[in-house]
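Note sheet for the following structure.
Quantities reported herein were computed from a predicted structural model and do not represent experimental measurements. Values below: every heavy atom of this structure, side chains too, minus hydrogens, waters and symmetry copies.
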Amino acid sequence: MKKFITLIGLSLTFLSACTGDLDVTPEVELSLEQVLANDPNAIDGLISKLYGSYALTGPTGPASTDIVSNDAGEGAFLRAIINLQDFTADGMKNRWGDDGLDQLTTTSNWDQNNKFFRLFFDRAYFTIPQCNNFMQILDGADFPNEENIAAETRFLRALAYYNIIDVFGKGVLATEENLGQPDFLEESSRVELFNYVESELLEIEPVISESSTYGRANRYVVDMLLAKLYINAEVYTGTARWDDAATYINKVINEGGYSLDPNFVKVFSADNNTSPEIIFPLIAETISSQSYGNTTYLVNGNLSLDTMPLAQFGATGGWTGHRATKAWYGLFGNLTTSTDVRAGLFWTNGHNFEMNDYREWTDGYPSIKFRNTNSDGSGTPTEFSGTDFPFYRLADAYLMYAELALRSANGTNLGDALNYVNAVRTRAGASNITAADLTLDFVLDERARELNLEGHRRSDLIRFKKFTGNSYLWPWKGNSVNGASIPEHYKLFPIPATALQANPNLKQNPGY
């Protein structure tokens with residue numbers, strides 16, 4: 001049993017927020033000291049609410065929602081990440097035809113009224129005031145481990161801002177310092193938000209604990225986010241920061257104590273909470289943290305009774321929604337003869353290699369990478385997935401190192417880069433490559449083979465300058481079966497109309 005998850009669903013009077021103009025006042029019935037005097041473990045319940053914003057949709061079960069949404073599941077953080085990072089890219093498509101989701105899966109007709117842009121924006125700006133509220137509550141309180149609790153809170157806030165930087169490129173900077181300010185907050189540019197996130201992470205990195213309870217942030221989780229921030233710095237600010245990215249990815253690799261799981265499938269199975277590879281998970285549990293937005297979206301979304309046995313993957317329902325495209329499984333060559341374990345994680349029976357119609361379930365191969373069974377196949381099928389989502393894991397760090405080495409970052413070398421890439425491939429049963437094979441294009445393809453459906457792909461394609469234009473086409477890019485050019489301004493999503501209406505200081509991104 002994942003003990004921390006039992007705290008995540010708590011509905012607490014300490015933390016309340018609205019997402020309109022971010023004018024948020026904490027509602028506190030007792031002082032923190034008084035609550036802790038009654039229950040010394042209450043602080044874990046309070047911090048769990050903040051982690052819960054990334055794992056759940058609301059405080060009272062899968063039908064509850066923290067943000068305005070007709071479908072609670074659509075407002076989940078992980079579901080939004082998959083929608084915006086994977087369906088907009090080359091590897092995965094959705095067939096439901098929902099207004100808004102259709103535009104994401106075909107990278108076409110994006111505008112400020114798309115509900116999925118609003119849901120992601122609202123989720124981030126629900127989490128941020130929650131953290132601000134908690135920081136204000138912590139101010140002046142005296143309790144054990146208070147420095148670390150504050151550092152965790154600041155990390156969770158920085159993670160929300162990081163995603164705003166990545167997908168929208170700007171927003172407003174709300175902190176505990178301007179909490180309750182009556183005036184509309186000023187718009188903050190991408191560079192301003194970048195600088196804020198960088199400063200927050202650099203301040204907490206030396207003080208946050210080097211180890212943590214499973215599911216909570218520690219120093220190496222902070223290092224991983226710093227490395228992500230710096231490896232994308234050229235996109236975010238116009239100035240490359242490869243050396244800084246290498247500094248922190250080296251700390252993750254050399255000091256974090258993580259190791260590749262010998263069993264690739266275990267990383268995406270219900271018993272992955274014991275995997276030595278996962279640096280930071282989003283926790284799921286079949287009973288105490290039910291959600292239609294966590295890995296249930298990945299497991300059930302890729303299943304259908306029309307063509308697949310649900311129980312084999314630990315599910316009781318198939319949503320007949322997601323399939324991979326040949327841009328992903330085509331990277332493995334012949335799937336039937338490949339020795340690569342990752343090549344076997346597609347359901348091919350009854351399905352077509354080509355995705356001539358993205359709305360046709362049998363066009364394309366469902367991904368069976370995530371499942372709700374243990375890694376040995378055992379387990380009882382349940383409605384909700386209990387598989388944790390590996391938000392950060394060591395294989396990603398290894399491939400980031402290889403990319404940085406190829407970009408000549410200080411603190412890296414091509415020999416270690418080759419060893420790391422081959423370690424990832426050897427674990428999967430793929431053949432080793434040589435130094436001559438190790439190129440940026442190869443690393444991008446290996447990231448697809450290893451990390452697709454984990455919320456990285458859009459950002460990767462943008463960093464490698466492959467997302468917009470026509471230099472790289474994939475099925476249904478630009479709403480064309482064979483792919484078509486998409487405009488440069490699609491590197492950012494439009495600011496949602498509701499956000500523009502709520503704060504007149506926010507301006508729309510160019511091109512929309």
Side-chain angles (χ1 to χ4, degrees), residues 71 73-74 78-121 166-169 293 297-298 301-302 304 319-331 346 351-367 444 448 452-462 464-497 508-512:
D71 180 342
E74 290 181 342
L78 178 56
R79 190 158 171 169
I81 285 288
I82 298 304
N83 288 345
L84 299 190
Q85 293 284 2
D86 284 298
F87 294 157
T88 62
D90 52 355
M92 292 296 301
K93 297 296 157 193
N94 177 277
R95 59 163 293 278
W96 290 332
D98 296 14
D99 185 39
L101 196 56
D102 232 19
Q103 287 79 5
L104 298 181
T105 211
T106 60
T107 52
S108 64
N109 300 314
W110 291 357
D111 63 43
Q112 64 185 12
N113 296 309
N114 189 307
K115 68 176 178 179
F116 293 100
F117 301 143
R118 176 186 65 79
L119 290 168
F120 190 76
F121 191 94
D166 186 70
V167 302
F168 295 114
Y297 188 54
L298 303 180
N302 277 285
S304 175
W319 297 356
T320 317
H322 321 323
R323 288 99 61 243
T325 78
K326 65 181 180 182
W328 182 2
Y329 45 75
L331 294 172
F346 303 97
H351 285 258
N352 304 314
F353 182 89
E354 296 289 344
M355 187 178 283
N356 292 318
D357 183 352
Y358 69 90
R359 291 188 177 178
E360 175 57 53
W361 169 247
T362 54
D363 277 7
Y365 298 155
S367 169
L444 181 63
N452 262 348
L453 200 54
E454 296 182 49
H456 304 289
R457 193 58 178 169
R458 168 193 159 273
S459 297
D460 285 351
L461 290 175
I462 290 173
F464 281 79
K465 300 178 173 58
K466 301 264 189 179
F467 187 68
T468 55
N470 60 6
S471 62
Y472 172 47
L473 301 179
W474 59 80
W476 295 103
K477 179 181 181 180
N479 202 23
S480 171
V481 63
N482 295 315
S485 178
I486 59 175
E488 285 296 300
H489 68 266
Y490 271 34
K491 290 178 181 177
L492 288 173
F493 297 124
I495 305 296
Q508 186 55 269
N509 279 324
Y512 294 107

- Is there side-chain contact between T107 and W476, with at least one heavy-atom pair below 4.5 Å? no

- Task: Report the residues that fulfil side chain to side chain donor-acceptor pair (under 3.5 Å) with R457, sequence neighbours left out, ordered by chain and then residue number.
- Result: D90

- Message: Under a 3.5 Å distance rule, please check whether W328 uses its side chain to pair with a backbone N or O of M92 as donor and acceptor.
- Response: no

- To the nearest 0.5 Å, tell me how far F467 CZ sits from Y490 OH. 9.5 Å

- So do the side chains of N114 and N109 get within less than 4.5 Å of each other, counting heavy atoms only? no

- Partners of W361 by ring pair (Phe, Tyr, Trp, His ring centres under 6.0 Å), sequence neighbours excluded? H351

- Message: Angle between ring planes, F168 versus F493, binned at 30° and 60°: parallel, tilted or perpendicular?
- Response: perpendicular

- Message: Contact between F117 and D111 at the side-chain level, heavy atoms closer than 4.5 Å - yes or no?
- Response: no

- Measure from the side-chain N and O atoms of D71 to the backbone N and O of G73, and report whether any donor-acceptor pair falls under 3.5 Å. yes

- Can you name the residues that form a side chain to side chain donor-acceptor pair (under 3.5 Å) with D98, not counting sequence neighbours? none

- Item | Intermediate values then yes/no, side chain to side chain contact (heavy atoms under 4.5 Å, CB included), W110 and H489 | CA-CA 10 Å; W110 291 357; H489 68 266; over 6 Å; no

- Do the charged groups of D363 and K93 touch, with an N to O distance under 4.0 Å? no

- Student check: side-chain heavy atoms of N302 and F346 closer than 4.5 Å: no

- Partners passing side-chain contact (heavy atoms from CB on, under 4.5 Å) against A497 (at least two apart in sequence or in another chain): Q112, N113, Q501

- Check: D166/Q85 side-chain N/O donor and acceptor closer than 3.5 Å: yes

- Message: Run the ring pair (Phe, Tyr, Trp, His ring centres under 6.0 Å) test against F116 and tell me which residues pass, sequence neighbours left out.
- Response: none

- CD (E454) and CG (L78) are apart, to the nearest 0.5 Å, by 10.5 Å

- Item | Whether N509 side chain and P494 backbone form a donor-acceptor pair below 3.5 Å | no

- Message: Checking F464 now: which residues fulfil ring pair (Phe, Tyr, Trp, His ring centres under 6.0 Å) with it, not counting sequence neighbours?
- Response: none

- Could you tell me whether the side chain of W474 and the main chain of A89 form a donor-acceptor pair under 3.5 Å? yes

- Output all residues satisfying side-chain contact (heavy atoms from CB on, under 4.5 Å) with F353, sequence neighbours left out; order by chain, then residue number. K326, Y329, Y365

- Item | Interatomic spacing from CZ in R458 to CD1 in I82 - rounded to 0.5 Å | 13.0 Å

- Between the CG atom in L298 and the CZ atom in R79, the distance rounded to the nearest 0.5 Å is 10.0 Å

- Item | Those residues that, when tested against L331, pass side-chain contact (heavy atoms from CB on, under 4.5 Å) (two or more places apart) | D445, A448, R449

- side-chain contact (heavy atoms from CB on, under 4.5 Å) filter on D102, not counting sequence neighbours, yields T105, Y358, R359

- Query: Say you draw a straight line from CZ of R323 to CD of E360; how long is it, rounded to the nearest 0.5 Å?
  - Reply: 8.0 Å

- Message: Can you give me the closest heavy-atom contact between P475 and A327, atom names plus distance?
- Response: CD-CB, 4.1 Å

- Message: Whether the side chain of W96 engages the backbone of W319 through a donor-acceptor N/O pair (distance < 3.5 Å, no angle test) should be reported.
- Response: yes

- Message: Per the salt bridge (charged side-chain N to carboxylate O under 4.0 Å, His left out) rule, what does the pair list look like for residues 477-486, sequence neighbours excluded?
- Response: none

- Item | Sequence-distant partners of N83, side chain to side chain donor-acceptor pair (under 3.5 Å), two or more places apart | Y297

- Can you list the residues that meet the side chain to side chain donor-acceptor pair (under 3.5 Å) rule with T468, with sequence neighbours excluded? E488

- Item | CG on L473 to NZ on K466, rounded to 0.5 Å | 11.0 Å

